[in-house]
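Ligands are counted one by one from 1 in listed order, and the atoms in each one are counted from 1 as well. Start at 1 with the first residue, then count along the sequence.
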Amino acid sequence: MKVVRMLDKKIGILGGGQLGKMLCMAGSGMNLDIYVMDKQKDFPAGSVCAQFVEGDITEYSDVLNFGRTVDILTIEFEKINVAALFDLEKEGRKVYPSPEIISMIQDKGIQKQFYKENQIPTSNFILFKSKHEILQSLKKGQLNFPFVQKARRDGYDGQGVLVCHDDKYVDLLFDTPSVVEELVSIEKEIAVIVCRNKSGHVSIYEPVEMVFNHEANLLDYQISPAHIEKSTCLEATEMAYNIANTLELVGILAIEMFLDKTGKLILNESAPRPHNSGHHTIESCYTSQYENHLRAILNLPLGKPDILAHSVLINLLGSPGYSGETVISGEDEILRINGSNLHLYGKQNTKPFRKMGHVTLIHEKERIPYESISRIKKSFSTSPLNI
Ligand code: ADP
């Protein structure tokens with residue numbers, strides 16, 4: 001049977017996690033033909049894409065072969081084989097975001113240099129090749145505590161980041177090429193999502209505010225829109241607009257920023273793909289980040305990013321103390337809460353603090369629903385021991 005499609009184009013997504021799943025779901029609304037590649041078909045996107053190809057997104061030949069079967073290639077995770085993307089682009093395939101952007105983002109050192117060269121405010125930094133070099137620099141008094149060490153490559157969700165307050169942290173330093181940056185005195189952490197299509201049309205979502213549990217090094221909850229001054233909001237939006245244009249971005253870019261205690265905005269890092277900090281856009285904005293990413297890579301008109309409702313986002317994490325087959329409980333309690341939108345990613349296996357789902361809680365103006373947030377966190381479990 002022939003399927004009638006809006007566009008006769010095959011879209012390929014590298015990565016089949018929850019972001020890939022939500023991209024497929026947004027594409028399904030427009031009846032787009034979406035193929036996904038990742039290691040195993042039972043990954044989150046496996047149940048919702050037109051075709052799932054098993055392959056390794058870090059392997060040159062797997063990415064090349066998959067890319068050759070689609071018209072437009074995009075990503076849901078930036079740690080992929082970028083050499084294959086450069087070659088696919090040379091063969092005339094469309095790759096969004098461009099391999100240049102992905103390759104710049106993959107290396108936190110090059111990323112920081114890009115911000116510096118383009119006068120985008122970011123914390124001062126030095127690049128080091130090894131732990132030995134950092135120790136030498138400390139000895140010579142060229143580097144002083146406190147500082148933040150970040151592995152240039154392969155860090156994720158706070159792993160590969162070490163906040164060094166004093167010399168007690170020396171033993172913990174990573175022995176890997178790293179960026180060492182000034183410790184920012186953070187008042188708030190915010191994120192802005194910007195989307196740009198090939199024609200240069202830009203849509204920018206309102207900044208969101210991330211509240212962290214610093215003990216667990218995890219997001220506690222996220223507030224949309226961020227509780228910040230109008231002038232800060234404007235500044236953040238302008239910064240996002242400039243970065244998207246400088247990069248000639250096609251697709252989504254999520255930009256994480258710090259608002260320091262003096263009210264200065266400092267860019268921390270960016271991710272050129274749909275992002276955790278934009279999950280809420282599914283229910284709380286005119287057009288979700290996922291749909292806008294697809295519109296952008298297809299060079300279609302972008303949708304309005306404005307918010308329809310205030311929301312908080314709570315990640316549903318794997319229960320501490322249990323690794324193994326996922327056994328979900330607590331969904332009844334979560335669904336009982338007015339305004340809750342439950343997303344379960346369908347991961348077969350759980351481990352402590354793994355992202356297993358999220359809840360977007362729509363609520364009334366300004367008032368943060370603390371009680372509901374704690375009810376959600378308390379009731380959700382992925383462990384059979386909780387039943
Ligand atoms: P990842 O890419 O692993 O998420 P980040 O660069 O976002 O790493 O850093 C993780 C967290 O570490 C940030 O959310 C912030 O709380 C803290 N952090 C990172 N850089 C700095 C800095 N320069 N000053 C103070 N805190 C920082």
- Provide, to 0.1 Å, the distance between atom 26 (N) of ligand 1 and the closest protein heavy atom, together with that atom's residue and name. Ile186 CD1, 3.4 Å
- Item | Short side-chain donor-acceptor distance under 3.5 Å, Gln149 and Ser178 | yes
- Message: Do Asn245 and Arg196 pair up side chain to side chain, a donor and an acceptor below 3.5 Å, judged on atom types alone?
- Response: yes
- Query: Which protein heavy atom lies closest to atom 20 (N) of ligand 1, and at what distance to 0.1 Å?
  - Reply: Lys150 NZ, 2.9 Å
- Query: If you measure from each heavy atom of Met210 to ligand 1, is any distance below 4.0 Å?
  - Reply: no
- Is any side-chain heavy atom of Tyr286 less than 4.5 Å from a side-chain heavy atom of Asn292? no
- Item | Between Thr74 and His293, a side-chain donor and acceptor under 3.5 Å | yes
- Task: Using a strict 4.0 Å cut-off to heavy atoms of Leu183, name the atoms of ligand 1 that fall inside it.
- Result: 24 (N), 25 (C)
- Considering only protein heavy atoms, which is closest to atom 5 (P) of ligand 1, and at what distance to one decimal place? Asn268 ND2, 3.6 Å
- Query: Will you find, in the side chains of Ser123 and Lys112, an N or O donor that is under 3.5 Å from an N or O acceptor?
  - Reply: yes
- Message: Only heavy atoms of Glu256, strictly under 4.0 Å: list the atoms of ligand 1 that pass.
- Response: 7 (O)
- Task: Ignoring hydrogens and angles, state whether a donor on the side chain of His280 or Tyr205 is under 3.5 Å from an acceptor on the partner side chain.
- Result: no
- Task: Select one of side chain, backbone, both or neither to describe which atoms of Val161 lie under 4.0 Å from any atom of ligand 1, heavy atoms only.
- Result: side chain
- Quick one: look up the protein heavy atom nearest atom 3 (O) of ligand 1 and list residue, atom name and how far away it is. Gly158 N, 2.6 Å
- Task: For atom 15 (C) of ligand 1, grab the closest protein heavy atom and report residue, atom and distance to one decimal in Å.
- Result: Glu189 OE2, 3.3 Å
- Distance-only donor-acceptor check, side chains Asn299 and Ser199, under 3.5 Å: yes
- Item | Gln51 and Lys10: side chain donor to acceptor below 3.5 Å | no
- Report, in ascending order of atom number, the atoms of ligand 1 lying under 4.0 Å from any heavy atom of Glu181. 20 (N), 21 (C), 22 (C), 23 (N)
- Would atom 13 (C) of ligand 1 count as contacted, meaning some protein heavy atom under 4.0 Å? yes
- Do Gln18 and His279 have a side chain donor and acceptor closer than 3.5 Å? no
- Nearest non-hydrogen protein atom, atom 2 (O) of ligand 1: Glu269 OE2, 2.6 Å
- Message: Is it the case that the side chains of Tyr115 and Ser270 hold a donor-acceptor pair, with the cut-off being a distance below 3.5 Å and no angle test?
- Response: yes
- Judged by heavy atoms only, the candidate from Val148, Val179, Leu219, Leu218 nearest atom 22 (C) of ligand 1 is Val148
- Task: On the 0 to 90° scale, with breaks at 30° and 60°, tag the His358-His343 ring pair as parallel, tilted or perpendicular.
- Result: parallel
- Which residue owns the protein heavy atom closest to atom 18 (N) of ligand 1, what's the atom, and how far is it? Phe258 CZ, 3.7 Å
- Where ligand 1 meets Glu182 - atom numbers and elements under 4.0 angstrom, heavy-atom basis: 22 (C), 23 (N), 24 (N)
- Task: Distance to 0.1 Å, residue and atom name: give those for the protein heavy atom nearest to atom 24 (N) of ligand 1.
- Result: Val184 N, 2.8 Å
- Item | Whether Val163 lies under 4.0 Å from ligand 1, heavy atom | no
